[in-house]
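All ligand and atom numbering here is 1-based and tracks the order in the structure.
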Amino acid sequence: MAPDMTTDLSALAEQLLAVGSAAGLDAGGVAGAHPFDDVRSELERRREEGLHGGMQFTFRNPARSTDPGRILAGAQSLVVGAMRTPAARLAEVGAGRMRIAAYARHDHYADLRRSLEVVAGRLRSGGWRAMVVADDNALVDRAAAVRAGIGWWGRNANVLLPGRGSWFVLGSVVTDAPLPPSVPLDDGCGTCRQCLDGCPTGAILERGVIDARRCLAWLAQAPGPIPREFREALGGRLYGCDECQEVCPVGRSDRTTEGSTDPSADVDIAEVLDATDEELLDRFGRWYIAERDPRFLRRNALVALGNTGQGSAPEVEGRLSRWLADRDPLLRAHAVWAAGRLGRHDLLVGVDASEPEVAEELAAVGGRVG
Ligand code: B12
């Protein structure tokens, strides 16, 4: 079907934003679909400097992830949408529990894509072509949101919405409709640097530049061992880290305490450690889990056990003993660390140290190799 050129394109843009809002989007804007050349060079620079910490995502092919024309040939515009997630709760999680970052407690991306599909449907019904992308490696979502005037680049690298903060997931409809773009916003961070000072590991190197090798959100997702120097800072986190958003003053008054009563905000360490692979993937499989291997969630749970457990409690001793005897050297090594941190060096006698990573952990905690 040929596009309906009788509708004025400004009116169409307004209609699309209204349709998006009615479909559940909390903010929207329109941007041109020309390549994000500055982001491309930034992705390449950070990759060269190792700041990506081995991540693939948008770093894998920056020429592709910064060019909407690769998603839809002849792309002219992006209709960008933001959907609110809960604001993380401000209180600490209880003993024996692990914290889940606000954006990961529910499938907000599915809701976002559904709303964007409604917008895409409106475009298609007018004869235009339209494709939805959200949290897909094909497009740099934050750059699209900034260009569409939804928010500004926060110092913590997140897109900050005026008066509301960064508790939003972002996505776009790529279309060949030449819509008039929205007006980008001015910077709203001013001289504030609470996120730089508040990041538990100093991962925000300078304005908007995250060193993923230090970022707890990435360390909790990345494969391999959690570097020892960051294990205490990981605290009781199972997935994601909200610290640089929690300390941000933008939208603080708009923040609810819904997280404190949300049953999906945290989970028992024991539940994670005792669950089968299948149970873990059933429950958390929509997350990015390296190699789709739930052992990395157990690895995080062992770190949380070491950070928050009571070394003298019989159930903690039981779990430590169970994982100190596990066949997987990654998990045995993290159990060694947890036992050491809880002062249970007595449990380390006889731990199988035939793999170097376990022997190294034992040496680091001063445990005896039996
Ligand atoms: C890789 C990735 C990560 C990585 C790396 C994050 C990073 N900062 O690079 C890890 C795993 C650490 C991560 C963590 C988080 N992420 Co993430 N992540 C992504 C992903 C897949 C790609 C991001 C990317 O391309 N980064 C590469 C770098 C180069 O881009 P950038 O950080 O945006 O850098 C720009 C700024 O520095 C900007 N800039 C900064 N200051 C200034 C000043 C001026 C004047 C200008 C012009 C530019 C500028 O220039 C850079 C280039 O554009 C996107 C989804 C997607 N497809 O886009 C989600 C995404 C960015 N993540 C998101 C979220 C929610 C998070 C977390 C909050 C989740 C959590 N609670 O744990 C944290 C926040 C950590 C943080 N402070 O960044 C949301 C962003 C929401 C928002 N409001 O901004 C996204 C968009 C997912 C989505 N679709 O909603 N994430």
Side-chain angles (χ1 to χ4, degrees), residues 26-27 36-49 51-62 64-66 71 80-88 99-105 108-113 116 132-147 150-161 164-172 184-189 195-196 198-199 201 203-222 237-248 250-251 287-288 290:
D26 292 293
F36 296 90
D37 291 330
D38 50 345
V39 182
R40 175 178 172 175
S41 34
E42 194 56 18
L43 282 163
E44 286 164 353
R45 180 187 76 85
R46 293 190 199 179
R47 197 173 59 185
E48 266 156 39
E49 292 182 11
L51 299 177
H52 70 314
M55 284 185 297
Q56 295 298 316
F57 307 120
T58 49
F59 290 90
R60 184 194 291 271
N61 186 348
R64 168 175 172 252
S65 60
T66 56
I71 298 167
V80 187
M83 189 173 273
R84 214 178 192 303
T85 69
R99 187 172 183 157
I100 297 172
Y103 82 116
R105 293 176 195 163
H108 293 286
Y109 292 124
D111 294 347
L112 173 66
R113 287 188 195 107
L116 290 169
V132 170
V133 279
D135 206 46
D136 186 300
N137 302 331
L139 188 64
V140 282
D141 295 326
R142 282 177 176 152
V146 169
R147 192 185 271 174
I150 287 180
W152 72 86
W153 286 119
R155 270 213 164 77
N156 59 10
N158 290 308
V159 172
L160 289 170
L161 280 71
R164 300 200 276 176
S166 56
W167 305 95
F168 293 84
V169 286
L170 308 169
S172 297
L185 299 176
D186 288 337
D187 165 57
C189 288
C195 56
L196 277 90
C199 172
T201 55
I204 311 176
L205 302 184
E206 57 184 276
R207 185 180 183 136
V209 180
I210 305 290
D211 184 346
R213 294 168 299 189
R214 308 183 70 83
C215 178
L216 294 174
W218 173 239
L219 291 172
Q221 289 181 12
R237 293 180 181 82
L238 174 61
Y239 193 80
C241 173
D242 284 325
E243 211 64 30
C244 64
Q245 308 195 86
E246 287 197 349
V247 297
C248 176
V250 180
W287 292 347
Y288 171 81

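Where the criterion is an N or O separation shorter than 3.5 Å, residue side chain and backbone included, Arg142 meets it with respect to ligand 1. Some N or O of Asp242 is nearer than 3.5 Å to an N or O of ligand 1, by distance alone. Any N or O atom pair closer than 3.5 Å counts here, and Asp38 shares no such pair with ligand 1. Between Asn156 and ligand 1, a contact under 3.5 Å exists for at least one N or O pair.
Contact annotation for Phe57 and ligand 1: only side-chain heavy atoms (C-beta onward) come within less than 4.0 Å of the ligand. Residue-level proximity to ligand 1 for Phe59 is carried by the side chain, the only part with a heavy atom below 4.0 angstrom. Looking at Ile204 against ligand 1, nothing comes within 4.0 Å, counting heavy atoms.
By the 4.0 Å heavy-atom criterion, Tyr239 is excluded from the residues contacting ligand 1. The shortest heavy-atom distance from Asn137 to ligand 1 is not under 4.0 Å.
A salt bridge does not link Glu42 to Arg142: none of the charged side-chain nitrogens sits closer than 4.0 Å to a carboxylate oxygen.
Inside a 4.0 Å radius of atom 86 (C) of ligand 1 there is at least one protein heavy atom. Atom 56 (C) of ligand 1 is approached by the protein to below 4.0 angstrom, counting heavy atoms only.
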